[in-house]
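Encoded as structure tokens, the structure appears first; notes follow it.
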Amino acid sequence: MLGTILVSVIVLMIVGAIVYSMVRDKKKGKSIQCGGDCRHCGGCH
């Protein structure tokens, strides 16, 4: 039972870090869909 709790906490911490990173990047104007290089996507800004 202790192992399950420990693994769950670690997984939640990793997921939280990923979500935090995505939110921080989004606030900076970056995103997964758009790298800010309009030559490749035809312009989205």
Side-chain angles (χ1 to χ4, degrees):
M1 179 149 154
L2 182 61
T4 302
I5 293 171
L6 186 61
V7 170
S8 297
V9 168
I10 291 171
V11 169
L12 286 174
M13 288 175 63
I14 292 171
V15 170
I18 292 169
V19 170
Y20 175 74
S21 174
M22 290 173 67
V23 168
R24 188 181 54 187
D25 286 347
K26 184 71 172 174
K27 286 182 180 180
K28 288 182 180 179
K30 300 178 187 175
S31 72
I32 295 172
Q33 295 84 16
C34 179
D37 188 2
C38 293
R39 290 182 297 147
H40 294 100
C41 67
C44 57
H45 300 280

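The analysis underlying the following values was restricted to heavy atoms, covering all of them including side chains, and did not include hydrogens, waters or symmetry mates. Here, residue 1 is the first one in the sequence, and each next residue gets the next number. The model shown is predicted, which means the values in this text are computed figures rather than measured ones.
Residues satisfying the side-chain contact (heavy atoms from CB on, under 4.5 Å) test with L6, not counting sequence neighbours, are I10.
L12 is not connected to Y20 by any chain of hydrophobic side-chain contacts under 4.5 Å among Ile, Leu, Val, Met, Phe, Trp and Tyr, and they are in different clusters.
Applying the 4.5 Å side-chain rule to ILVMFWY residues, one finds M1, I5, V9 in the same cluster as M13.
Looking only at distances, a side-chain donor or acceptor of S8 sits under 3.5 Å from a matching main-chain atom of T4.
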